[in-house]
Amino acid sequence: AQSVTQLGSHVSVSEGALVLLRCNYSSSVPPYLFWYVQYPNQGLQLLLKYTTGATLVKGINGFEAEFKKSETSFHLTKPSAHMSDAAEYFCAVSKQGAQKLVFGQGTRLTINP
Amino acid sequence: DAGVTQSPTHLIKTRGQQVTLRCSPKSGHDTVSWYQQALGQGPQFIFQYYEEEERQRGNFPDRFSGHQFPNYSSELNVNALLLGDSALYLCASSSRKAPGLNTGELFFGEGSRLTVL
């Protein structure tokens with residue numbers, strides 16, 4: 001079975017500071033990994049994904065994540081936080097071709113002015 | 001290009017009633033999945049439909065059922081509603097058939113928020 005653990009249900013950073021959201025996964029097969037963002041009262045929007053190939057993946061809005069197999073991690077980073085980044089962030093894992101996602105519990109990101 | 005659309009956006013039901021939620025997938029997509037997102041939680045997989053058949057199912061009771069139509073749209077039905085069924089129900093679409101589109105990525109609608117009183 002696959003699972004995702006997001007460390008920290010709530011992260012608060014100052015505007016302009018580094019954003020780091022942590023995600024560890026468990027999978028018995030090579031995983032596909034995703035980060036989604038959810039703004040209040042909205043659905044989920046894909047930020048970035050790792051399937052195969054380059055382990056450092058870049059997404060929308062200046063976010064990037066690095067797949068580290070040895071650490072079973074897929075942490076999300078952004079060098080400089082913006083007020084518009086305030087939202088709920090979900091890490092998810094799936095098996096190749098399954099099109100079924102297993103989500104973490106989410107991390108609420110707050111940006112302080 | 002219309003994305004995933006869901007209806008209704010909000011609804012209130014009482015315990016024991018039945019509810020039907022509807023979803024139209026993104027243009028070109030043939031697979032529809034449903035997720036339940038309780039308040040403060042991550043989405044949980046309910047089931048997935050492809051070619052009008054349920055292909056995968058999560059750990060949800062038989063009170064949860066679905067259907068996919070020939071135009072790929074889908075319905076989620078929940079019978080004998082419980083207070084614990086209150087949640088945001090998300091529909092996600094993807095493609096199995098189209099070359100280059102089967103990337104594992106799901107496109108989500110904005111959800112139907114169900115409140116059971």
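Each chain gets a letter, A, B and so on, in the order the sequences are listed, and its residues count up from 1. In this text, all values refer to a predicted model and were calculated from it rather than measured experimentally.
The 12-atom threshold is exceeded at CG of B/Asn71, counting heavy atoms of other residues, nucleotides or ligands nearer than 6.0 Å. Counting heavy-atom neighbours within 6.0 Å of B/Arg57 CZ, excluding the residue itself, gives a total above 12. In this structure, B/Leu39 places its CG atom where only 12 or fewer heavy-atom neighbours from other residues, nucleotides or ligands lie under 6.0 Å away.
Of the inter-residue distances, the one linking B/Arg113 atom CZ with A/Asn41 atom CG reads 6.5 Å to the nearest 0.5 angstrom. Atom-to-atom distance recorded for B/Leu90:CG and A/Phe103:CZ is 8.0 Å, nearest 0.5 angstrom.
A side-chain contact (heavy atoms from CB on, under 4.5 Å) with A/Leu44 is found for one member of B/Phe108, B/Tyr35, B/Phe107 and no other, namely B/Phe108.
Under a hydrophobic-cluster definition in which Ile, Leu, Val, Met, Phe, Trp and Tyr are linked whenever side-chain heavy atoms come within less than 4.5 Å, directly or via other members, B/Tyr50 and B/Val32 are assigned to different clusters. Following chains of ILVMFWY side-chain contacts shorter than 4.5 Å, one can reach B/Leu11 starting from B/Leu83, so the two form part of one hydrophobic cluster. Under the 4.5 Å side-chain heavy-atom criterion for Ile, Leu, Val, Met, Phe, Trp and Tyr, B/Phe64 and B/Val19 are members of the same hydrophobic cluster. Cluster membership for A/Tyr32 and A/Leu48, using ILVMFWY side-chain heavy atoms within less than 4.5 angstrom, is not shared. B/Val4 and B/Trp34 are not part of a single hydrophobic cluster, where members link through side-chain heavy atoms under 4.5 Å apart.
Heavy atoms of B/Gln48 lying under 4.5 Å from chain A belong exclusively to its side chain. For A/Leu101, the parts lying near chain B are the backbone and the side chain together; criterion is any non-hydrogen pair under 4.5 Å. Of the two parts of B/Leu106, the backbone and the side chain both hold a non-hydrogen atom closer than 4.5 Å to a non-hydrogen atom of chain A. Only the side chain of A/Gln38 comes within less than 4.5 Å of a heavy atom in chain B; its backbone stays farther off.
A/Gln99 places a side-chain N or O within 3.5 Å of a backbone atom of B/Ser95 that can act as its donor or acceptor partner.
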Q | Worked check of side-chain contact (heavy atoms from CB on, under 4.5 Å) between A/Phe90 and B/Gln37 | A | CA-CA 12 Å; A/Phe90 293 96; B/Gln37 186 180 17; 3.3 Å; yes

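Considering only heavy-atom pairs separated by less than 4.5 Å from chain A, the leading option among B/Cys91, B/Ser33, B/Gly42 is B/Gly42.
For residues 16-29 of chain A, a heavy-atom distance under 4.5 Å to chain B picks out no residue at all.
Residues A/Lys100 and B/Phe47 have side chains not in contact (no heavy-atom distance under 4.5 Å, counting atoms from C-beta outward).
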